[in-house]
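First comes the structure, then the notes that go with it.
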Amino acid sequence: MVAGVTSHRGETTRHAELKRLALLWAQAHGFSACAVEVTLPKCRYRADVAAYRWQRKQTGLAAIFECKQALCDLRRDNCDSAAARRRLDAICKRRQTLESRLRGHYPNLRNGDSLFPEFDSENFTAIGHRGYARLLRDLQSSQNRLYDCTKFDKLIRYRCANLFFLVLPEQLFRDPEVPVGWGALVESNGALTLRRRPIWHETHEENDVRFLYRVAAAATRVLNRQLEIESDAIAAEQSRSIARGDFYSLD
């Protein structure tokens, strides 16, 4: 149940190769159910590679592999939510303080956009205050980082899997930049080496079932592409089965 690695639109050959190596490493370590580009349960993220290892008389083991080929790509997803939220709170307090002072210095900033003067909004950008403009840029940057750049942190917080691995080339590996709780698989000479062990994270049994289903669904999509089975053909076959009266439904 292993999905083949194919290069998607916008994906570099280097990134596709890291995914192939992650698939190879996972299977060599007992993860027999693997797929690429897997939409994960309980969150909006997709994993580059997701793998599942069945264990006799025990709960299965789920693992997520994220492949990074450039430092900027790594840092974009490696933001600590708590630290980012503290920084955002500090910027908001600075903004409130500065706006309070600007109101005293510029009492005519109100837009007159409300029927009641006390509810008029103020156009602080109209005065061209460089400190305020810089503060707004910092605010937007911090908001974007908090909401768009915390993938690694959220995958652990949402308990999407038991183990998490970062897959990256040798020249990109810097131990302090590996996310807390993640393992590091470093590529060198066409093979992956475990340079940092991941921390184990408990998950619920229900999540394991959903995880395995998502892996199977992603692998099926790849197989359909390889066999040129399109959704229209599936719908047509379903219609024929219904017409013949032999459609099997679990409802």
Side-chain angles (χ1 to χ4, degrees), residues 1-40 45-56 58-79 149 151-156 159-201 203 208 211-212 214-223 225-226:
M1 204 163 72
V2 179
V5 180
T6 55
S7 183
H8 298 283
R9 288 181 299 176
E11 182 181 37
T12 64
T13 303
R14 181 60 167 160
H15 190 263
E17 175 62 13
L18 289 175
K19 289 198 299 187
R20 189 190 72 82
L21 291 174
L23 277 171
L24 179 62
W25 189 92
Q27 292 174 78
H29 288 79
F31 293 88
S32 56
C34 306
V36 298
E37 302 297 330
V38 178
T39 302
L40 299 170
Y45 296 113
R46 283 192 308 176
D48 286 329
V49 176
Y52 190 85
R53 186 169 75 189
W54 179 78
Q55 301 185 106
R56 187 183 298 273
Q58 297 183 52
T59 303
L61 195 162
I64 289 173
F65 300 79
E66 281 294 307
C67 305
K68 298 298 177 184
Q69 60 176 342
L71 192 59
C72 59
D73 189 25
L74 169 61
R75 290 174 175 170
R76 185 177 62 243
D77 290 332
N78 192 15
C79 173
C149 304
K151 181 178 182 180
F152 296 153
D153 180 59
K154 287 180 179 177
L155 289 180
I156 287 182
R159 298 185 181 276
C160 293
N162 303 114
L163 298 174
F164 301 86
F165 295 91
L166 189 64
V167 184
L168 67 171
E170 174 74 36
Q171 64 271 21
L172 201 62
F173 176 68
R174 295 176 176 84
D175 192 81
E177 299 213 34
V178 176
V180 175
W182 285 63
L185 288 167
V186 180
E187 184 274 330
S188 181
N189 298 321
L192 295 181
T193 302
L194 183 63
R195 297 283 285 273
R196 185 204 276 186
R197 292 185 176 276
I199 295 175
W200 173 269
H201 299 274
T203 60
D208 290 349
F211 184 92
L212 184 56
R214 299 295 179 92
V215 171
T220 301
R221 286 194 296 270
V222 173
L223 189 60
R225 284 198 298 269
Q226 293 175 346

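Residues meeting the ring pair (Phe, Tyr, Trp, His ring centres under 6.0 Å) test with Phe164, sequence neighbours left out: Trp182, His201. Judged as a ring pair (Phe, Tyr, Trp, His ring centres under 6.0 Å), and not counting sequence neighbours, the contacts of Phe165 are Trp25, Phe65.
His29 contributes atom NE2, which lies 12.0 Å from atom CG of Leu61 (distance to the nearest 0.5 angstrom). Here the NZ atom belonging to Lys19 is positioned 10.5 Å from the CD atom belonging to Gln69, to the nearest 0.5 angstrom. Here the straight-line distance linking atom CZ of Arg195 with atom CG of Leu166 works out to 12.5 Å at 0.5 Å rounding. Going from atom CZ of Arg225 over to atom CG of Leu223 covers 10.0 Å, rounded to the nearest 0.5 Å. For the atom pair CZ (Phe173) and CZ (Arg196), the distance works out to 7.0 Å, reported to the nearest 0.5 Å. Here the CG atom belonging to Leu23 is positioned 11.5 Å from the CG atom belonging to Leu18, to the nearest 0.5 angstrom.
Under a 3.5 Å cut-off, the side chain of Glu66 and the backbone N or O of Asp48 do form a donor-acceptor pair. Between the Gln27 side chain and the Gly30 main chain, no donor and acceptor come within less than 3.5 Å of each other.
No side-chain heavy atom of Asn162 sits under 4.5 Å from any side-chain heavy atom of Pro198. For the pair Phe211/Val38, no side-chain contact is recorded, criterion being any heavy-atom separation below 4.5 Å from C-beta on.
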Exercise. Mind running side chain to side chain contact (heavy atoms under 4.5 Å, CB included) on Leu40 and Ile64 for me, showing each step along the way?
Key: CA-CA 9 Å; Leu40 299 170; Ile64 289 173; 3.6 Å; yes
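Across all their heavy atoms, Gly60 and Tyr52 have their closest contact at CA-OH, 3.1 Å. Taking every heavy atom of both residues into account, Ala218 and Val36 meet most closely at CB-O, 3.8 Å. Contact record, Leu212 with Ala33: CD1-CB, 4.1 Å, taken as the closest heavy-atom pair.
Ion pairing between a basic and an acidic side chain is recognised when a charged N comes within 4.0 Å of a carboxylate O; Glu17 and Arg20 show such pairing. With respect to the salt-bridge test (charged N to carboxylate O, under 4.0 angstrom), the residues Arg221 and Glu37 do not qualify.
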